[in-house]
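For reference, the structure discussed in these notes is given below.
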Amino acid sequence: MLEKNYNPKDFEEKIYADWENSGDFKPDMHSDKDNFSIVIPPPNVTGVLHMGHALNDTLQDILVRYNRMCGKNVLWQPGMDHAGIATQMVVERNLAKEGVSRHDLGREKFIETVWQWKARSGGTITKQLRRLGASCDWSRERFTMDEGLSRAVRKIFVNLYKDGLIYKAKKLVNWDSKFMTAVSDLEVIQKETLGKMYYYKYPIEGEAGQFIHIATTRPETMFGDTAVAVSDKNEKLKHLIGKNCIIPIINRAIPIIADDHADPEKGTGAVKITPAHDFNDFEVGRRHNLPLINILNPDATLNENTPFAGLSTQEARVKTIEKLTELGFMEKIEDHPMVIPYGDRSGVVIEPMMTDQWFVDAPVLAKEAIRAVEQGEMEFVPKSYEKTYFEWMRNIQPWCISRQLWWGHQMPIWYGPDETIFCEENEKEAQVAADKHYGRHVELRRETDVLDTWFSSGLWAFSTLGWPDKSEYLDKFYPTSVLITAFDIIFFWVARMMMMSMYMMKKVPFKKCYIHGLVRDEKGQKMSKSKGNTVDPMETIEKYGADALRFFMAAMETQGRDINMSEARIAGYRNFATKLWNAARFCEMNNCQSVTNFNENQVSLGISKWIIAKAKQATAEVTRHLDNFRFSDATNAVYQFAWGTFCDWYIELSKPVFYGEDEQAKAETRAVAAWVLDRILVILHPFMPFITTELWNNISAERNCKLIHAPWPKNEQIDVNALSEIDWAVELISAIRSLRAEMNLPAGAKLHIILKSANAQSRANIAALDKIICTLARLEKIECVGDDYAMSPDMVQQVFNECTLLLPLKGVVDFAAERERLGKELEQLNKNIENYARKLSNSGFVERAPAQVVAEERRRRAEAEEKKAKVEEALARIANF
RNA sequence: GGGUGUGUAGCUCAGCUGGUUAGAGCGCUACGUUCACAUCGUAGAGGUCACAAGUUCGAGUCUUGUCACACCCACCA
């Protein structure tokens, strides 16, 4: 017996535990069925489930469950990312509470602490994913710092290095002064800020009273200036080119050079060049062989190359201005809107800094990654994201992969006594290589830098499947079928997976890449902790059940567009679950028991044939939409069928049968209702796995499999005729109800209806459904009489007076208008057809027009003719009255 | 500066390759609870599909332009 109320809390966790314990999520490694695989976008080990995950993982689970039911051999590979900076930050923060810094512990001890933290608090998210219903194969859970995955990282690193695709270089990089590490371009976010523009002047060397005027937003960097640039097209200033000017305060002479980087229209037309702390200036410096002067310490305080060593840039800026003013070089300060780079994790200003770093030659790796998409080996869904991908890939810069952190994959690089580099997969091999190189045993020093987190994430599609070892999982499931992710990490992750996979595996990591949007708050604002507008998916699940949240996510997902949270809508889908629960209770109360040998093609009642055809139709729709990643359309189809067709109509239509005397009809209806309910459970299961399973398990039925493995029906024959018979009755009943309301007839009034327009077929249909129609439309009696004759409006009125309706009433009253409308339409269609015919027969047109155009015209003509036939039929029906 | 997307009912949004009377959920109005379900039912009101021009027999859908909003990339000494 089902409980009276739908209460998801009673069974969701229990059902999940059963799936997991029974191994229902595991693929069958001995099967030769088609394979379907997805790798999860690994959440950070520090992460807790947010609505973005809820969306991302719901979509994956829907596809995984759907494909599993389609009979494919399915693997959903789960795991987590070690998230270098994020994790180090969390653990350091915890240590700070005890007044300990990571330096107090030392590297080894610190890393040990991180592992302890992971064992204790990491991976909350995997428990939360279970609450969501994610059917990943947890027995294969991986972590990017696992031994196997670390080996993959080292192997690919060595390969890239030996192919010359990883190199060390002294370059200007984005420096995060909080974590004291380099970061990649992607980890820098530009923020609009209102800053100041400072105008001051440098005296010209040897020409008293002559100055060159400078404008800058960062006066404190003047101590690192090694030139001032003006354009040689600048008539006013070009005479200064070749002279020297003096940096005030430190009185260092620097040349005035000609460079087009100085735009005569901007600022004063003269630009101070600080090659060590500005990307543009760096380029200028390279063109002119300027020296580089580093003025910053790793923590972004000024160093001894300046008079303000130890001060922060802000403090130094104030001091510099004071000093310049005091010396009389300051001219003016203006407000100036500008864009300042910040670290996405640290939130501090990113400083361009000259350091030794390691780079991946991304432009080379990008070539294959681009080609694979160009040639359709990997497809974006929706396709428009291809453009974003190409745009970025074609302009890709070398990827800075070294991080001066402790938590992460330490680079497999060893230095000999003379700094010769040995890149091998492990220390032993490096030692062998070094000893051979030097011809003696030498002491090696390992590179302390670790790799960018995204380096290991880039291998995720194959490293989780066992690479570099031989692995049957790799053979079976690589390339994976589809990657599902949000657009904001196309560059971070998708692009890097493509590059790494094409390089190492020579195959795409996934055949398709479905991009979804962001989950925003109810007002469309981006959710963020700082704004305090986040919604916790766990609370939502607690309140409405996981199924409601999942259904919401799927229903809102329309190919890449952002989703606004809507609690009302989630509540609505909870109500949908309740509705289904109650429908199942109705079936249970009427002893509708599904049997395994039920043959849906051998039913006799009109309503049976009708609902079966409708169910198959809905199934086909859901199938088509899921095959096309149209999640919203798929949910809509199953929702409309379950509620709008099954509950609203079929159950109502079945009641007169159940409460009647015809035992044979009752028996059939019981079987059919049970069959349809089962069908709903099947096609709803990918979206609402919990309630469907609970019902599947609890309604009395013969079962030969668990719902999670129930076969998904495909390519069924749909009896189209069965549809129209009952659709007609549905329309009739709706029309009568509508009229009752319009006429303000008392609810209790029993009506007597005479149908005058009925042809033989309608009459037969009505006779068959007589009792049902009367019950549903609250009629005393429904009668079909006579042949066609027109009903005049006063006759209609008379009918009302006698509380008897003539139907279709609207049709009778509006016949004239309707006939006119249809007449016009027919006229138009005739005109169209004539038009097409003329176009086609016109030899000039046929000669000139491309074959496609001709075909198109033919198609239009055929369509118009089809339409015309329908209109003529409608006209003929009207004429029957 | 370059690019992408959005603008449809009071609100949040569907509407795929042009084709009956533009849909859904929530909200609103009226009526209705013994007989699966008030987490409900029945009926209803509510839309110049941002604006303008164009293509077409036919445009919410295609083209061009205008306006508004959102996001991404690059840069601004």
Side-chain angles (χ1 to χ4, degrees), chain A residues 2 4-6 185 190 197-198 214-218 221 228-229 261-263 266-274 278-281 284 336-339 384-385 387-388 391-392 395 487-488 490-491 517-518 520 522-524 526 544 548 552 555-556 558-569 571-590 624-625 628 630 632-633 636 639-640 644 647-648 651-652 655 658-659 734 737-742 744 746-747 778 821-822 825 828-836 860 863-864 866-867 870-871 874:
Chain A
L2 293 172
K4 178 147 182 357
N5 292 314
Y6 163 61
D185 298 344
Q190 310 286 338
M197 179 73 87
Y198 302 90
I214 307 285
T216 181
T217 53
R218 304 196 55 188
T221 61
V228 171
H261 169 61
D263 183 342
K266 283 185 186 164
T268 61
V271 191
K272 65 194 260 322
I273 302 297
T274 322
D278 181 285
F279 288 99
N280 285 315
D281 292 3
V284 175
H336 181 72
M338 52 199 257
V339 178
S384 53
Y385 282 103
K387 213 174 165 182
T388 314
E391 188 59 27
W392 193 74
N395 296 303
F487 67 82
D488 56 339
I490 292 181
F491 305 141
L518 261 40
R520 297 166 173 276
E522 306 238 352
K523 296 187 200 99
K526 220 168 174 171
Y544 299 106
F552 167 80
M556 298 300 284
T558 50
Q559 302 222 325
R561 236 161 274 167
D562 287 354
I563 290 174
N564 290 0
M565 275 314 288
S566 164
E567 185 163 354
R569 222 164 161 132
Y573 294 126
R574 188 270 324 270
N575 295 354
F576 172 58
T578 306
K579 186 76 181 172
L580 182 69
W581 186 267
N582 284 307
R585 282 181 61 227
F586 173 85
C587 291
E588 186 180 54
M589 288 164 145
N590 287 287
R624 182 165 56 89
H625 292 314
N628 293 318
R630 300 193 68 90
S632 168
D633 291 332
N636 202 35
Y639 182 98
Q640 290 306 332
C647 293
D648 286 353
I651 286 185
E652 296 307 322
K655 281 177 182 172
F658 285 136
Y659 305 148
S734 297
R737 284 173 176 171
S738 197
L739 279 166
R740 292 183 74 111
E742 270 174 39
N744 268 324
R778 292 166 164 252
R821 190 183 71 77
L822 286 172
E825 195 174 338
Q828 180 68 61
L829 285 166
N830 277 324
K831 211 172 95 190
N832 291 352
I833 292 167
E834 232 175 81
N835 216 313
Y836 299 139
R860 283 182 180 178
E863 265 180 24
E866 201 177 303
K867 181 84 188 296
K870 277 188 190 162
V871 170

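Proteins get letters first, then strands, A, B, ... in listed order; numbering begins at 1 in each. Given the structure is predicted, the values throughout are model-derived calculations rather than measurements.
- Checking the phosphate oxygens (OP1, OP2) of B/rU6, a side-chain nitrogen or oxygen of A/R561 falls inside 4.0 Å.
- Atom C1' of B/rC37 sits at a distance of 23 Å from the matching atom of B/rU29, rounded to the whole Å.
- Each of A/S734 and A/M565 was assigned the nucleotide of RNA chain B with the nearest heavy atom; the assignment lying further toward the 5' end belongs to A/M565.
- Backbone-only engagement by A/Y639 is indicated by non-hydrogen atom pairs under 4.0 Å involving sugar-phosphate atoms exclusively.
- Distances were taken from every side-chain heavy atom of A/Q640 (C-beta onward) to each of B/rA24, B/rC26, B/rU39; the shortest belongs to B/rA24.
- Comparing A/T558 and A/D648 by the nucleotide of RNA chain B that holds the closest heavy atom to each, the one mapping nearer the 5' end is A/T558.
- Rounded to an integer number of Å, the gap from CH2 of A/W581 to P of B/rA38 is 15 Å.
- Residue A/C587 is out of contact with every strand shown, counting any heavy-atom pair closer than 4.0 Å.
- The shortest distance between the side-chain N/O atoms of A/K526 and the OP1/OP2 oxygens of B/rC71 is not below 4.0 Å.
- Residue side chain A/E391 does not reach the base of B/rA74 through any donor-acceptor N/O pair under 3.5 Å, judged by distance alone.
- Candidate nucleotides B/rC75, B/rA36, B/rA14 were compared by shortest atom distance to the side chain of A/D633, and B/rA14 ranks first.
- In this pair, A/Y639 and A/Y573 present their aromatic rings perpendicular. The plane angle is above 60°, beyond the 30 to 60° band.
- Phosphate proximity of B/rC40 to A/N582: absent, as no side-chain N or O sits under 4.0 Å from OP1 or OP2.
- In terms of phosphate contacts, A/S384 brings no side-chain nitrogen or oxygen within less than 4.0 Å of OP1 or OP2 of B/rU4.
- Atom-to-atom distance recorded for A/F576:CZ and A/R569:CZ is 13.5 Å, nearest 0.5 angstrom.
- Among the heavy atoms of the strands, none lies under 4.0 Å from A/E567.
- Close to B/rU4, at under 4.0 Å from its OP1 or OP2, lies a side-chain N or O of A/K387.
- Side-chain atoms of A/R630 lie closest to B/rG15 of the nucleotides B/rG15, B/rC76, B/rA24.
- Residue A/M556 places its side chain closer to B/rU12 than to any other of B/rC72, B/rG25, B/rU12.
- Salt-bridge formation is not detected for the pair A/R585/A/E588: no Lys NZ or Arg NE/NH1/NH2 atom is positioned less than 4.0 Å from an Asp or Glu carboxylate oxygen.
- No hydrogens or angles were tested; on distance alone, nothing pairs the side chain of A/R737 with the base of B/rU42 as donor and acceptor under 3.5 Å.
- Spacing between B/rC76 and B/rC11 at atom P, rounded to whole Å, works out to 42 Å.
- If you check every strand for non-hydrogen atoms under 4.0 Å, A/A577 touches nothing.
- Listed candidates were B/rA36, B/rC71, B/rA14. Nearest to the side chain of A/S632 is B/rA14.
- Remark: side-chain polar atoms of A/D562 are paired, donor with acceptor, to backbone N or O of A/L518 under 3.5 angstrom.
- Note on A/S566: nothing from the nucleic acid sits closer than 4.0 angstrom, heavy atoms only.
- Taking atom CD of residue A/Q190 and atom C1' of nucleotide B/rA74, one finds them 9 Å apart after rounding to whole Å.
- Taking the C1' atom of each, B/rG25 and B/rU20 are spaced 25 Å apart, rounded to whole Å.
- Comparing B/rC26 with B/rC40, their P atoms sit 8 Å apart, to the nearest whole Å.
- Of the candidate nucleotides B/rG41, B/rC76, B/rC71, B/rC76 has the atom nearest to the side chain of A/V339.
- Between B/rA9 and B/rG44, the distance separating the two C1' atoms is 14 Å to the nearest Å.
- Using a 4.0 Å cut-off, no side-chain N or O of A/Y385 falls inside it from OP1 or OP2 of B/rC71.
- Comparing the P positions of B/rA22 and B/rG47 gives a spacing of 12 Å, expressed to the nearest Å.
- Taking atom P in both B/rA24 and B/rU34, one finds a spacing of 29 Å when rounded to whole Å.
- OP1 or OP2 of B/rC40 sits under 4.0 Å from a side-chain N or O of A/N575.
- Of the possible polar contacts, none joining the A/S632 side chain to the A/M556 backbone as a donor-acceptor pair under 3.5 Å is found.
- Contact check, A/K655 against B/rA36: a side-chain N or O comes under 4.0 Å of OP1 or OP2.
- Between B/rG41, B/rC75, B/rC13, one nucleotide has an atom nearer to the side chain of A/N564 than all others, and that is B/rC13.
- Panel note: side chain A/N628, backbone A/R630; no donor-acceptor pair is recorded below 3.5 Å.
- Protein atom CG of A/N636 is 10 Å distant from nucleotide atom P of B/rA24, rounded to whole Å.
- Using atom C1' as the reference point in both B/rU61 and B/rG54, the two lie 15 Å apart (nearest Å).
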